[in-house]
Amino acid sequence: MKMNIRQLFDIVGEKRSFSQDFDYTEEELYGGYPFQSPVKCSGEIENRAGVVRLVFHVKFSLNLVCDRCLEPFVREEDLCFEHILVQKLDSDQDEDYILCPGGVLDLDELVRTDVLLELPTKVLCSEDCKGLCEQCGQNLNFGSCKCEKKEIDPRLAVLGQLLDFSEDDSEES
Ligand SMILES: [Zn+2]
Ligand SMILES: [Zn+2]
């Protein structure tokens, strides 16, 4: 959506609210299409003392697959972004300003960039996801497996070494 906000640049105290749904179902990320429902965006643009500020919230859910345990899960996100809008950039101005040539804001582009940059590169179903057992593939979040914690009797350990059985570093952080 391109918004003509020239009036907001021209009139101090002017304010405008908006809400818009975006469809990112075609957006490919993490080897899949995580945006299976609309991305809901709502915000406000206000000219306060000549400075035009945009604040918006984006709510969406992500259908993801955990990098560690490979389980699918859904994560709800509610992000807030804030930008200063300008009609032209002076050379001494910060590049963080969002340029709106001729008073036109490309909201689609801005929201998309903000959202995609904010997403983590690695996805975990939870910070302390236990992952999969390297040996049997059991999801350790659902319970431990038989091969985990092979606490070998010291007498048998000797035997284990003899059988060259000792490469047991099933230690996964
Ligand atoms: Zn996980
Ligand atoms: Zn196992």
Side-chain angles (χ1 to χ4, degrees), residues 1-3 17-45 53-85 94-99 105-173:
M1 179 172 69
K2 298 221 195 242
M3 289 174 81
S17 310
F18 62 88
S19 65
Q20 170 91 27
D21 285 1
F22 295 104
D23 177 7
Y24 292 173
T25 48
E26 310 270 287
E27 203 69 57
E28 192 175 356
L29 269 174
Y30 310 118
Y33 298 91
F35 296 95
Q36 287 175 22
S37 47
V39 171
K40 294 184 181 301
C41 173
S42 62
E44 192 172 80
I45 308 172
R53 187 182 301 270
L54 161 68
V55 179
F56 64 89
H57 275 270
V58 207
K59 283 190 188 189
F60 52 94
S61 41
L62 292 170
N63 291 65
L64 300 167
V65 174
C66 178
D67 283 339
R68 204 178 281 164
C69 70
L70 311 178
E71 267 314 294
F73 66 102
V74 177
R75 182 151 77 199
E76 304 296 331
E77 297 276 3
D78 185 347
L79 307 174
C80 184
F81 300 96
E82 193 175 327
H83 296 284
I84 303 289
L85 309 180
D94 198 322
E95 285 177 7
D96 285 346
Y97 290 174
I98 301 301
L99 188 60
L105 168 65
D106 189 345
L107 189 69
D108 290 3
E109 180 63 29
L110 181 61
V111 172
R112 192 175 165 278
T113 309
D114 277 351
V115 167
L116 295 185
L117 284 178
E118 196 63 26
L119 297 180
T121 49
K122 204 170 164 56
V123 288
L124 295 179
C125 62
S126 81
E127 276 310 313
D128 51 2
C129 170
K130 295 189 180 76
L132 301 176
C133 170
E134 283 179 8
Q135 290 161 60
C136 71
Q138 151 95 25
N139 184 335
L140 300 174
N141 298 307
F142 298 152
S144 51
C145 57
K146 305 258 156 42
C147 34
E148 204 200 17
K149 287 232 175 191
K150 238 192 276 169
E151 240 150 344
I152 305 172
D153 183 301
R155 283 163 301 175
L156 291 177
V158 176
L159 185 65
Q161 275 165 17
L162 288 175
L163 295 170
D164 196 22
F165 209 66
S166 54
E167 35 171 87
D168 182 28
D169 30 20
S170 58
E171 209 175 67
E172 248 272 87
S173 61

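Any value given below was found using the heavy atoms of this structure, including those in side chains, with hydrogens, waters and symmetry copies removed. Both counts, for ligands and for their atoms, begin at 1 and track the order of listing.
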Under the side-chain contact (heavy atoms from CB on, under 4.5 Å) criterion, do L62 and F60 qualify, and how do the steps go? CA-CA 7 Å; L62 292 170; F60 52 94; 3.7 Å; yes
Taking the Zn ion (ligand 2) as the vertex, how big is the angle to SG in C136 and SG in C145, rounded to 10°? 110°
If the condition is side-chain hydrogen bond (donor to acceptor under 3.5 Å, both in side chains), which residues does D67 pass it with, not counting sequence neighbours? none
Can you tell me how far apart CG (L85) and CG (L105) are? Round to the nearest 0.5 Å. 5.5 Å
Of the protein N/O/S atoms, how many lie under 2.8 Å from the Zn ion (ligand 1): 4
By ring-ring contact (aromatic ring centres under 6.0 Å, His included), which residues pair with F81, not counting sequence neighbours? F56
List, one per line, each side-chain donor-acceptor pair under 3.5 Å for residues 71-80, sequence neighbours excluded.
residue: R75; atom: NE; partner: E77; partner atom: OE2; Å: 3.2
residue: D78; atom: OD1; partner: H57; partner atom: ND1; Å: 3.3

Out of curiosity, K122 NZ to C66 SG, how far, rounded to the nearest 0.5 Å? 8.0 Å
Between SG of C133 and SG of C147, what angle is found at the Zn ion (ligand 2), rounded to 10 degrees? 110°
Does the E82 side chain pair with the main chain of R53, one donor and one acceptor, at a distance under 3.5 Å? no
